[in-house]
Amino acid sequence: MTDSQTNSDEQTGHTAAEIMRSGIWFGAIFAAIGLFIYVMVRLDPSRARAPEFVIDAAAGVFFFAGVSIIGQALRMPIVGRIASLAVVYLMAVPGFWMLLGDDAGQCSVSIAIAGVSSSGAGDPGMCRMVFGAGAIIVLGMALLFTALAIRDARQKRDPGTSGARAE
């Protein structure tokens, strides 16, 4: 990081402290939204349209996104990275519920072409297939990100290695 990046952002004229504060506030808003979702469902679970664990995962996405932003703003990259991994894993939960849940499989479908639109209930099999495929893709990305983070951590710990094992 250069001195100009450390002391101010040349394009906006903001100091590093101002940028850090705005990152903390921005992250705190996301974390607060996650906590709000979590608390609202606990106060009145009768209005939930998904199981609590799915809603908890959605709340967790917001919460950990906020934690990640705060971690980056405070120059704590490990906190930001771990929280980001949590976000990606939690994003797979609704899709797996749609794929595997007994009470899932309903979704709405909308299409718009050249100003003409149509919407309605989707076929349960199609809903399961689309959301399930998305969940598998997201889980694959999360596992890949995890493997890359572990590899990077090992390389930082042992800078002389390239990832190849000696025999």
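Note that the numbering runs from 1 along the sequence shown for the chain.
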Which distance, rounded to the nearest 0.5 Å, do you find between the CD1 of Ile29 and the CD1 of Ile24?
12.5 Å
Over all heavy atoms of both residues, which pair between Ser46 and Asp44 is shortest? Give the atoms and the distance, please.
OG-OD1, 2.6 Å
In Å, rounded to the nearest 0.5 Å, how long is the span from CD1 of Ile111 to OG of Ser119?
11.0 Å
What one should report as the nearest heavy-atom pair of Ala73 and Met20 is O-CG, 3.1 Å
Greater than 12 external heavy atoms within 6.0 Å of Met40's CE:
yes
Using a 4.5 Å cut-off on heavy atoms from C-beta on, say whether the side chain of Leu100 contacts that of Arg128.
no
Below 4.5 Å, heavy atoms only, C-beta onward: do Ile37 and Phe62 meet side chain to side chain?
yes
Give, for atom CZ of Arg81 and atom CG of Asp152, the distance between the pair rounded to the nearest 0.5 Å.
7.5 Å
Quick check on the hydrophobic clustering: are Ile137 and Leu90 connected, directly or via other members, by side-chain heavy-atom contacts under 4.5 Å?
yes
On a heavy-atom basis, which atom in Val67 and which in Ala83 lie closest, and how many Å separate them?
CG1-CB, 3.8 Å
Taking Ile55 as the starting point, is it possible to reach Ile33 by hopping between hydrophobic residues whose side chains are less than 4.5 Å apart?
yes
Using only atom types and a distance under 3.5 Å, with no angle test, would you say the side chain of Ser68 pairs donor to acceptor with the backbone of Gly80?
yes
Atom CZ of residue position Phe53 - does it have more than 12 heavy atoms of other residues, nucleotides or ligands inside 6.0 Å?
yes
Connected via hydrophobic side-chain network under 4.5 Å: Ile82 and Leu144:
no
Grouping I, L, V, M, F, W and Y whenever their side-chain heavy atoms are under 4.5 Å apart, do Leu85 and Val61 come out in a common cluster?
yes
Does some side-chain heavy atom of Ile150 sit less than 4.5 Å from a side-chain heavy atom of Arg154?
yes
Spacing of CE belonging to Met141 relative to CD1 belonging to Ile136, to within rounding of 0.5 Å
14.0 Å
May I ask you to establish whether Arg42 and Tyr38 are in a cation-pi arrangement, using a distance under 6.0 Å from NZ or CZ to the six-membered ring centre and at most 45° from the ring axis?
yes
Any idea which heavy atoms bring Pro77 and Gln72 closest together, and the distance?
O-NE2, 3.8 Å
CG/Leu74 to CD1/Ile69 distance, rounded to the nearest 0.5 angstrom?
12.0 Å
Shared hydrophobic cluster, Phe30 / Val39 (ILVMFWY, side-chain heavy atoms < 4.5 Å):
no
Kindly indicate whether the side chain of Phe96, heavy atoms from C-beta on, has any atom under 4.5 Å from the side chain of Leu139.
yes
Could you check whether atom OH of Tyr89 has more than 12 heavy atoms from other residues, nucleotides or ligands sitting under 6.0 Å from it?
yes
Calculate, to the nearest 0.5 Å, the distance between atoms CH2 and CG belonging to Trp97 and Asp102 respectively.
11.5 Å
